[in-house]
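To keep things clear, I will list the structure first and then write my remarks on it.
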2 protein chains.
Amino acid sequence: MAKQEGTLRKPGNHGDTSQCEHISRLIARISDKWTLLVVRVLGRGPCRFNALRREVGEISQKMLASTLRELEENGFVSRTVTPVTPPQVEYALTQLGTDFLKPVQSIADWAIRNSSRMDAARAAYSKRRANERAIPSR
Amino acid sequence: MAKQEGTLRKPGNHGDTSQCEHISRLIARISDKWTLLVVRVLGRGPCRFNALRREVGEISQKMLASTLRELEENGFVSRTVTPVTPPQVEYALTQLGTDFLKPVQSIADWAIRNSSRMDAARAAYSKRRANERAIPSR
DNA sequence: CTGGATCCGCGCGGATACTG
DNA sequence: CAGTATCCGCGCGGATCCAG
């Protein structure tokens, strides 16, 4: 992501040009298949690797491991190793991760409350498309 | 209905399996490189195609078009064509899209407020990794 | 101006096998 | 149990050309 000068500038703008960079960076980091789901599961409390895997769903070991590593890198989760046999590794949200959970939860709550509206919109859309095809020119 | 409880359950049994489906579906739809950015730009007001393109940044026509089509499909944006020459197409958030803007903005605001904390966490992480590599086994 | 059509590289993410 | 290593298909997303 090379820093191209002037990609977002506009005369007489609202002035959050530099802040757009922060937003884009965050979105780039959470816009993958699993991050938000993992964060949300960890929001219920600390969890070990395989337990986490079961909670999240159909995630592969590879993706869970890499997702957790990036979350740890970003300071969202902590990784605590207990050197016993068999080894125990517990993941938990940090303070930063807990803070981040709030906006994530607001999206999750929105999804739950509005999924029916989205379904209705999709149905209306496909219906409208069908009508438009039925009237190619008038 | 009043404040719906239970979106966030206790560890042990969560029981919101069906709601997870809704959340996963929404995340799958917005977890791409551009959707949230486009939604956010449209949150400032209606916008035409090329103007939108300039506002968002270095997005290609193809991705902007497909992103807008999916947003329209999900009922987040409306597409209004004015048949003149040259043709005008204006995109705007629907009511659903405007509602969705709220959680999106909460994420954007979080990104702005906490980007420095994330940077610090990343710096601390790479430093910790360097120390661990300096002590491979002891 | 607003896109659709096509080609293509690259990286995400799944499957499997292996290690400590 | 908690990962790493490797292979690989597929689809995202960019570039370019073309059309209404």
Side-chain angles (χ1 to χ4, degrees), chain A residues 1-2 4 7 24 27-38 41-42 46-74 77-92 125 129 132-133 135-138, chain B residues 24 27-38 41-42 46-74 77-92 125 129 132-133 135-138:
Chain A
M1 206 186 293
Q4 218 169 334
T7 50
S24 298
I27 289 179
R29 276 169 195 163
I30 69 175
S31 286
D32 69 284
K33 203 173 176 182
W34 301 109
T35 298
L36 291 183
L37 294 174
V38 170
V41 169
L42 283 177
C47 205
R48 290 172 54 187
F49 189 86
N50 276 340
L52 202 44
R53 207 181 149 194
R54 268 174 258 120
E55 294 286 331
V56 173
E58 293 311 304
I59 189 171
S60 61
Q61 316 90 315
K62 176 189 173 182
M63 290 319 297
L64 179 55
S66 70
T67 298
L68 286 170
R69 215 179 312 123
E70 287 190 3
L71 282 173
E72 192 193 356
E73 216 177 318
N74 294 332
V77 310
S78 63
R79 181 174 179 273
T80 311
V81 182
T82 308
V84 298
T85 51
Q88 283 189 6
V89 180
E90 200 165 74
Y91 293 92
Y125 177 82
R129 296 286 287 178
E132 285 169 9
R133 265 189 239 98
I135 315 168
S137 67
R138 168 106 15 143
Chain B
S24 299
I27 290 180
R29 278 170 194 161
I30 68 175
S31 286
D32 69 284
K33 201 172 176 183
W34 301 110
T35 298
L36 291 183
L37 294 174
V38 170
V41 169
L42 282 177
C47 205
R48 289 174 53 189
F49 190 86
N50 276 341
L52 202 45
R53 209 183 147 195
R54 282 186 296 269
E55 293 286 331
V56 172
E58 6 57 67
I59 188 173
S60 63
Q61 313 92 318
K62 176 190 174 183
M63 290 319 296
L64 179 55
S66 70
T67 299
L68 286 170
R69 213 181 314 122
E70 286 190 3
L71 283 172
E72 191 193 356
E73 217 177 317
N74 294 332
V77 309
S78 63
R79 181 174 179 273
T80 310
V81 182
T82 306
V84 297
T85 51
Q88 284 190 6
V89 182
E90 200 166 76
Y91 294 92
Y125 178 83
R129 295 286 287 179
E132 284 168 8
R133 261 188 243 98
I135 316 167
S137 66
R138 184 139 338 163

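Naming: A, B, ... by sequence-line order, numbering from 1 per chain. No hydrogens, no waters, no symmetry mates; every other heavy atom, side chains included, goes into these values. Fair warning: this is a prediction, and the values are worked out from it, not measured in the lab.
Between B:Tyr125 and A:Arg69 there is a side-chain heavy-atom pair separated by less than 4.5 Å. When side chains are defined from C-beta on, A:Pro87 does not count as touching A:Val81, because their heavy atoms never get closer than 4.5 Å. Inter-residue side-chain proximity for B:Leu68 and B:Leu52 is flagged as met; some heavy-atom pair is nearer than 4.5 Å.
Of all nucleotides in DNA chain D having an atom under 4.0 Å from a heavy atom of chain B, the first and last in 5' to 3' order are D:dG13 to D:dG20.
We find that CD of B:Gln61 is positioned 12 Å from P of C:dC1, with the value rounded to whole Å. C:dG14 atom C1' lies 10 Å from atom CH2 of A:Trp34, rounded to whole Å.
For the pair B:Arg79 and C:dG3, the criterion of a side-chain N or O lying under 4.0 Å from OP1 or OP2 is met. Proximity of B:Arg48 to the phosphate of C:dC1: no side-chain N or O atom is located under 4.0 Å from OP1 or OP2. The side chain of A:Lys33 places an N or O atom within less than 4.0 Å of a non-bridging phosphate oxygen (OP1 or OP2) of C:dG14. For C:dT2, the OP1/OP2 oxygens have no side-chain nitrogen or oxygen of B:Arg53 closer than 4.0 Å. Between B:Tyr91 and C:dC1, a side-chain N or O to OP1/OP2 separation shorter than 4.0 Å is absent.
Closest-nucleotide positions on DNA chain C for A:Glu58 and A:Pro87 were compared, and the one nearer the 5' end corresponds to A:Glu58. With the nearest nucleotide of DNA chain C identified for both B:Phe49 and B:Lys62, B:Phe49 has the one nearer the 5' end. Both A:Arg69 and A:Pro86 lie close to DNA chain D; mapped to their nearest nucleotides by heavy-atom distance, the more 5′-ward contact belongs to A:Pro86.
Of the inter-residue distances, the one linking B:Ile59 atom CD1 with B:Leu37 atom CG reads 8.0 Å to the nearest 0.5 angstrom. Between the CD atom in B:Gln88 and the CG atom in B:Asn50 there is a gap of 11.5 Å [rounded to 0.5 Å]. For the atom pair B:Glu58 CD and B:Trp34 CH2, the distance stands at 4.5 Å (nearest 0.5 Å).
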